2 protein chains.
Amino acid sequence: MALRHAVLAALLDEELSGYQLAKAFGTGVANFWHALPQQLYTELARLEREGFIAGREVVQDTRPNKRLFQVTDAGLAELERFTAAETKPCVIRDDLLVKVQAAEHVDTQALIAQLAERTAFATAKAELFEELLRSMRGERTEEEFLRHGARIGPYLTCMRGLEFERANRAWYERTTIILSERRASRGEQ
Amino acid sequence: MALRHAVLAALLDEELSGYQLAKAFGTGVANFWHALPQQLYTELARLEREGFIAGREVVQDTRPNKRLFQVTDAGLAELERFTAAETKPCVIRDDLLVKVQAAEHVDTQALIAQLAERTAFATAKAELFEELLRSMRGERTEEEFLRHGARIGPYLTCMRGLEFERANRAWYERTTIILSERRASRGEQ
DNA sequence: GCGGACATGTAAATTGTTACATGATTAG
DNA sequence: CTAATCATGTAACAATTTACATGTCCGC
C-alpha cells in the first residue's frame with residue numbers, strides 16, 4: 001500500500017493533476033516510485049473518496065479541463081503514520097539482469113544490443129536528474145542547500161536516483177565490453 | 001512473466017530445490033530477481049508441467065525429502081527466446097524513498113531510525129557479495145576472471161548487486177546525517 | 001520441550017499491467 | 001492530415017504478497 005503514500009508525497013509541494021502525476025511517475029522524475037497512469041487515476045479517486053486528498057476542477061480554454069489535487073490534513077496524518085511504520089526493504093527486479101545471469105548459456109548478440117539501449121537511457125536519465133538538482137539548489141552550493149534549503153526531500157531522492165543511473169550506466173558499459181570481448185574471442189577459436 | 005526466466009537462469013548452473021531457490025531469491029544472493037517461497041513453489045510446478053524444467057526426488061535420511069530441478073532443452077530454448085525479446089526498463093519502488101521524499105512534512109525521528117537499520121542491512125549484504133565474488137573468482141584477478149572465467153553471468157549480476165548496496169549505504173549514511181543535523185538545528189531554534 | 005532450519009504446498013487478497021474507450025488541440 | 005500532447009477513465013488479466021497448513025530433525 002505504498003502507491004497511495006507515494007502519491008501523497010508527490011502532492012505535498014504542489015497541486016498536480018492525474019496527468020501531471022502520471023508523467024512524473026512514468027518518466028522517472030519521481031525516483032521514489034513508479035506507476036502507470038491507469039493506476040494513478042484509480043488511486044486518486046480512492047484517495048479523494050477517503051478524504052486524504054481534495055480535488056478542484058480547473059477550467060481551461062485551449063485544453064481539456066483538469067482536476068488538481070492537494071493533500072488534506074487527514075492525508076498528511078496518514079503519511080505521518082506510514083512514515084513511522086515498519087519499512088520493507090526494497091528489492092531488485094530487472095529483466096536485463098536475469099538475461100545477463102544467463103549470459104553464458106544463451107546467444108549474447110541481442111543482449112549486447114539491449115545493454116547499449118539501456119546505456120543511452122541511463123545517460124539521458126542521469127542528465128535529467130543533474131539538471132533537476134541544479135535547478136532545485138539554484139545559486140547555493142549543494143552543501144549549503146542540504147543544510148538549510150527548502151524541499152530537501154525531493155532533492156535527496158533525486159540524488160539517489162542520479163547515483164542509481166550513474167551506477168547503471170557504468171555497469172552496462174563494463175558488461176557490454178566484457179560480453180563483447182568474450183564473444184569475439186569465442187568467434188576466433 | 002520474468003519470474004519463470006529468473007528461475008530458469010538460477011537453475012542453469014546447478015540443480016536446486018524449491019527451498020534452496022527460495023533462500024537464494026529471498027536473502028538476495030539472486031540479485032537479479034526477488035521472490036517469496038510461495039511464488040517459487042507455484043512457478044516450479046508450472047514450469048515442470050510445461051516441460052521447461054525436470055525434477056527428481058532426492059531421498060534424505062536425516063531431513064525431509066526434496067525435489068531437485070534442472071533446466072530442460074525446452075527450458076533453455078525458452079530462456080533464449082526471452083533474452084532476445086524486448087526488455088522493459090527496471091523501475092525503483094522503495095518505501096523508504098517515499099518517506100524521505102516527504103521528510104520535510106513529517107517527523108523524521110522514526111525515519112532516521114529506519115535509515116540506520118537499512119545502513120546495517122546494506123553493509124551486511126555488501127560484505128556477503130564481496131565474499132561471493134571472491135569465492136567465484138578464486139585465485140584469479142577480477143580482470144582475468146572477467147575475460148576467461150566460467151560462470152560469468154552470476155559474477156556480473158553479483159557485481160551489480162554489490163555496487164547497488166554500496167551506493168545504498170552511502171546514501172543512507174549521508175541522508176541520516178543531513179536529516180539529523182536539520183532536526184537538531186530545528187530543535188535549537 | 002522449544003525455537004529454528006529443513007521441506008512443500010494451497011487459498012485469498014492486494015497490487016500492478018495491458019487492453020479498451022473517448023475526445024480536443026497543436027505542431028509539423 | 002497525421003502524430004503528439006493534453007486529459008480522464010473502466011475492465012480484464014497477470015503478478016505479488018499475506019495468511020493458512022503440515023510435519024521432521026537438530027541444537028540448546
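Just so it is clear: chains get the letters A, B, ... in the order the sequence lines come, proteins before strands, and each one is counted from 1. Just so you know, these numbers come straight off a predicted model, no measurement behind them.
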Per-nucleotide protein contact string for nucleotides 16-26 of chain C, where B marks a base within reach and S marks sugar-phosphate only (heavy atoms under 4.0 Å, - for neither): SBBB---B-SS

Write down the distance between [atom1] ([X]) and [atom2] ([N]), rounded to a whole number of angstrom.
{"X": "A:Leu21", "N": "D:dG9", "atom1": "CG", "atom2": "C1'", "value": "15 Å"}
{"X": "B:Leu40", "N": "C:dG9", "atom1": "CG", "atom2": "P", "value": "12 Å"}
{"X": "A:Asn65", "N": "D:dT8", "atom1": "CG", "atom2": "P", "value": "9 Å"}
{"X": "A:Gln60", "N": "D:dT8", "atom1": "CD", "atom2": "C1'", "value": "13 Å"}
{"X": "A:Tyr41", "N": "D:dA7", "atom1": "OH", "atom2": "C1'", "value": "5 Å"}
{"X": "A:Lys66", "N": "D:dG9", "atom1": "NZ", "atom2": "C1'", "value": "18 Å"}

Check: B:Gln20/B:Ser17 side-chain N/O donor and acceptor closer than 3.5 Å: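 There is such a pair (donor and acceptor under 3.5 Å, judged by atom type) between the side chains of B:Gln20 and B:Ser17.
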
Side chains of B:Thr87 and A:Gln114, donor plus acceptor under 3.5 Å: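 Side-chain D/A pair, B:Thr87 to A:Gln114: present.
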
Side-chain hydrophobic cluster, 4.5 Å single linkage: members besides A:Tyr19: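 For the cluster that includes A:Tyr19, the remaining residues are A:Tyr41.
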
Connected-component partners of A:Val58 among ILVMFWY, side-chain separation under 4.5 Å: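 Via sub-4.5 Å side-chain contacts, A:Val58 links to A:Leu68.
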
Sequence neighbours excluded - side-chain hydrogen bond (donor to acceptor under 3.5 Å, both in side chains) pairs with any residue from residues 57-67 of chain B: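 Passing the test, one end in residues 57-67 of chain B: B:Glu48-B:Arg67.
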
Positions of residues 6-15 of chain B (non-hydrogen atom under 4.0 Å from DNA chain D), listed by number: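 Residues of residues 6-15 of chain B that come under 4.0 Å of DNA chain D do not exist, since none gets that close.
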
ILVMFWY cluster, B:Phe121 and B:Leu115 together (side-chain gap under 4.5 Å):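 No, B:Phe121 does not connect to B:Leu115 through the hydrophobic network.
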
Closest-nucleotide 5' rank along DNA chain C - winner of A:Arg46 and B:Thr42: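 Its nucleotide being nearer the 5' end, the pick is B:Thr42.
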
Sequence neighbours excluded, every pair satisfying ring pair (Phe, Tyr, Trp, His ring centres under 6.0 Å) that has a member inside residues 61-84 of chain A: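 Counting only pairs at least two positions apart or across chains, the ring pair (Phe, Tyr, Trp, His ring centres under 6.0 Å) contacts touching residues 61-84 of chain A are A:His5-A:Phe82.
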
